[in-house]
Amino acid sequence: MMSMNNRDIAVVYQNVRSLRTRASSLYLNSTTLTEEYDIVGITETWLWEGIYSSELFHTSYRVYRADRSRELTGLSRGGGVLLAVRASFTSTQVKL
């Protein structure tokens, strides 16, 4: 946990090696996540644009994703990162 301005922030990180086959179970567990974690970081999501963030997380999170482009890599799977931030926090995505 981190503390900012006397407020604890709970953060969790996981390398999942494919959310494509686990999307529904993640969504079902997002209720538990919202009770426990403010920020969820996930690597190796293996997601692509045909899978919507709303399939993964409840609206209590803002989801920021960087999926691996199949056109650029020629790969059908692998890569991708996701950061889900509690919607009650002020957050924005910065494109680099």
Side-chain angles (χ1 to χ4, degrees):
M1 274 201 214
M2 301 171 28
S3 182
M4 295 178 59
N5 300 327
N6 297 322
R7 183 173 178 201
D8 289 338
I9 298 174
V11 178
V12 64
Y13 158 80
Q14 183 71 45
N15 179 321
V16 296
R17 199 165 182 250
S18 183
L19 278 179
R20 287 189 284 184
T21 59
R22 300 177 184 108
S24 61
S25 63
L26 177 63
Y27 185 85
L28 291 173
N29 289 324
S30 68
T31 303
T32 303
L33 288 172
T34 57
E35 294 171 3
E36 295 184 30
Y37 300 106
D38 299 307
I39 301 171
V40 178
I42 301 175
T43 57
E44 291 297 327
T45 61
W46 297 15
L47 297 176
W48 56 284
E49 63 278 353
I51 299 172
Y52 301 101
S53 297
S54 60
E55 296 176 62
L56 306 170
F57 283 89
H58 189 267
T59 57
S60 56
Y61 279 106
R62 285 194 184 91
V63 179
Y64 304 100
R65 292 170 37 181
D67 300 337
R68 177 175 276 179
S69 171
R70 289 196 265 181
E71 292 79 28
L72 294 176
T73 63
L75 300 173
S76 62
R77 65 179 191 182
V81 294
L82 176 152
L83 191 65
V85 180
R86 186 180 296 277
S88 61
F89 290 6
T90 302
S91 65
T92 58
Q93 184 170 357
V94 177
K95 300 274 185 175
L96 299 177

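For the residue pair V11 and Y37, the shortest heavy atom distance occurs at C-CD2, 4.0 Å.
Distance alone, capped at 3.5 Å, places no donor-acceptor pair between the R65 side chain and the A84 backbone. For D67 (side chain) and G80 (main-chain N/O), no donor-acceptor pair under 3.5 Å exists by modelled atom type. R86 places no side-chain N or O within donor-acceptor distance of the main-chain N or O of S60, the cut-off being under 3.5 Å. A donor-acceptor pair is defined here as one N or O able to donate and one able to accept, closer than 3.5 Å; no such pair exists between the side chain of Y61 and the backbone of V40.
Cluster annotation: V81 and W48 are assigned to distinct hydrophobic clusters (Ile/Leu/Val/Met/Phe/Trp/Tyr, side-chain heavy-atom contacts under 4.5 Å, transitive). Tracing side-chain contacts under 4.5 Å through hydrophobic residues (I, L, V, M, F, W, Y), one reaches I51 starting from V63; they form part of the same cluster.
With sequence neighbours left out, the salt bridge (Lys or Arg N to Asp or Glu O under 4.0 Å) criterion links R62 to no other residue. Contacts of S88 classified as side chain to side chain donor-acceptor pair (under 3.5 Å), with partners at least two apart in sequence or in another chain: none. Listed by chain and residue number, N15, T43 satisfy the side chain to side chain contact (heavy atoms under 4.5 Å, CB included) test with Y13 (two or more places apart in sequence, or in another chain). Listed by chain and number, the residues in a side chain to side chain contact (heavy atoms under 4.5 Å, CB included) with Q14 are V16 (sequence neighbours excluded).
From L47, atom CG reaches atom CG of L56 across 5.5 Å, with rounding to the nearest 0.5 Å. Here the straight-line distance linking atom CZ of F89 with atom CD1 of I39 works out to 6.0 Å at 0.5 Å rounding.
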